[in-house]
Amino acid sequence: QVQLVESGGGLVQPGGSLRLSCAASGRTFSSYAMGWFRQAPGKEREFVAAINWSGISPSYADSVKGRFTISRDNAKNTMFLQMNSLKPEDTAVYYCAGSIHTYWSRSGSGYEYWGQGTQVTVSS
């Protein structure tokens, strides 16, 4: 059974940082793309960032470009999202997603496996 488990969410002040982790089990994702999505209350789920199996040329939503960094450790079957300069509008549940494809997609339909989500709240 494939499981993706996010961790690292929490409450942070505007301008602060958080690092999310996504630990995968039941399937090796080292050859496949992975991504992060988020959903704020009352809004549709939206793309945040995605990374190919190699870690080269990741993709970011315009709203997080320059502030967030996606990375992965294939040896540990784990993906990360370093979030800096956080803003109140970054408040959402963040979901980790795993694909059966080698290259990333900015659409949720490009991912077959999902975590349960971790809450990120940016507030003073």
Side-chain angles (χ1 to χ4, degrees):
Q1 181 181 358
V2 177
Q3 281 193 315
L4 300 177
V5 179
E6 303 95 336
S7 61
L11 173 64
V12 64
Q13 293 187 341
S17 298
L18 283 175
R19 188 190 195 209
L20 304 184
S21 299
C22 172
S25 62
R27 178 185 176 92
T28 299
F29 282 94
S30 59
S31 298
Y32 305 102
M34 299 187 75
W36 289 97
F37 291 76
R38 68 186 182 186
Q39 187 167 20
K43 295 188 176 181
E44 296 289 319
R45 183 180 63 191
E46 65 174 359
F47 170 77
V48 176
I51 190 167
N52 292 331
W53 69 273
S54 66
I56 297 173
S57 300
S59 179
Y60 296 94
D62 288 344
S63 59
V64 307
K65 200 173 295 183
R67 300 187 298 121
F68 291 11
T69 302
I70 189 172
S71 61
R72 63 191 300 166
D73 184 338
N74 286 338
K76 295 182 178 179
N77 217 20
T78 301
M79 178 178 65
F80 306 97
L81 185 69
Q82 178 66 44
M83 305 186 296
N84 299 329
S85 302
L86 282 161
K87 305 175 181 180
E89 51 263 44
D90 294 318
T91 295
V93 177
Y94 283 71
Y95 296 93
C96 164
S99 177
I100 60 171
H101 306 288
T102 302
Y103 293 99
W104 51 254
S105 169
R106 296 168 68 96
S107 170
S109 61
Y111 300 86
E112 287 71 29
Y113 304 101
W114 293 84
Q116 81 290 348
T118 186
Q119 177 70 47
V120 171
T121 302
V122 185
S123 175
S124 55

For a quick test of your reading: what N or O donor-acceptor pairs under 3.5 Å do the side chains of residues 3-17 make, sequence neighbours left out?
unit_1	atom_1	unit_2	atom_2	d
Glu6	OE1	Gln116	N	3.1
Glu6	OE1	Gln116	NE2	3.3
Glu6	OE1	Gly117	N	2.9
Glu6	OE2	Cys96	N	2.8
Glu6	OE2	Gly117	N	3.2
Ser17	OG	Asn84	OD1	2.9

task: With side-chain contact (heavy atoms from CB on, under 4.5 Å) as the test, would you mind laying out the steps for Arg27 and Tyr32 before giving the verdict?
output: CA-CA 10 Å; Arg27 178 185 176 92; Tyr32 305 102; 3.4 Å; yes
Applying side-chain contact (heavy atoms from CB on, under 4.5 Å) to Leu81 and Arg19, what does each step give before you reach the verdict?
CA-CA 6 Å; Leu81 185 69; Arg19 188 190 195 209; over 6 Å; no
### Task
Test side-chain contact (heavy atoms from CB on, under 4.5 Å) on Leu20 and Phe80 and set out the steps.
CA-CA 5 Å; Leu20 304 184; Phe80 306 97; over 6 Å; no
| request: Would you sort out whether Thr91 and Val120 count as a side-chain contact (heavy atoms from CB on, under 4.5 Å), showing the intermediate values? | output: CA-CA 5 Å; Thr91 295; Val120 171; 5.9 Å; no
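Under a 4.0 Å N-O distance rule, the pair Asp90/Lys87 does not qualify as a salt bridge.
Residues Arg45 and Arg38 have side chains not in contact (no heavy-atom distance under 4.5 Å, counting atoms from C-beta outward). The shortest side-chain heavy-atom distance between Glu44 and Gln39 does not fall under the 4.5 Å cut-off. Side chains of Gln82 and Ser71 form no contact here, defined as non-hydrogen atoms less than 4.5 Å apart. No side-chain heavy atom of Met83 sits less than 4.5 Å from a side-chain heavy atom of Val122. Residues Phe68 and Val48 are in side-chain contact: their nearest non-hydrogen atoms beyond the backbone lie under 4.5 Å apart.
Atoms OG and CD, from Ser63 and Glu46 in turn, are 5.5 Å apart once rounded to the nearest 0.5 Å. Atom NZ in Lys43 sits 8.5 Å away from atom CD in Glu89 (nearest 0.5 Å). The distance from atom CE of Met79 to atom CZ of Arg72, rounded to the nearest 0.5 Å, is 8.0 Å.
Not counting sequence neighbours, the partners of Thr28 by the side-chain contact (heavy atoms from CB on, under 4.5 Å) test are Ser30, Asn77. Every residue meeting the side-chain contact (heavy atoms from CB on, under 4.5 Å) condition with Ala23, not counting sequence neighbours, appears here in chain and number order: Thr78. Remark: Phe29 pairs with Tyr113 by the ring pair (Phe, Tyr, Trp, His ring centres under 6.0 Å) rule, at least two apart or across chains.
In this structure a side-chain-to-backbone donor-acceptor pair under 3.5 Å is present from Ser99 to Gly110. Side-chain N or O atoms of Asn52 include none that pairs as donor or acceptor with a backbone N or O of Ser54 at under 3.5 Å. With hydrogens and angles disregarded, no donor-acceptor distance shorter than 3.5 Å links the side chain of Arg106 to the backbone of Ala50.
Here the closest heavy-atom approach between residue Ala92 and residue Ala40 is recorded as CB-N, 3.8 Å.
Listed by chain and number, the hydrophobic cluster partners of Phe47 are Phe37, Val93, Tyr95, Trp104, Tyr111, Trp114, where partners are ILVMFWY side chains within reach of under 4.5 Å, directly or through others. With a 4.5 Å cut-off between side-chain heavy atoms of Ile, Leu, Val, Met, Phe, Trp and Tyr, the cluster of Tyr103 takes in Trp53.
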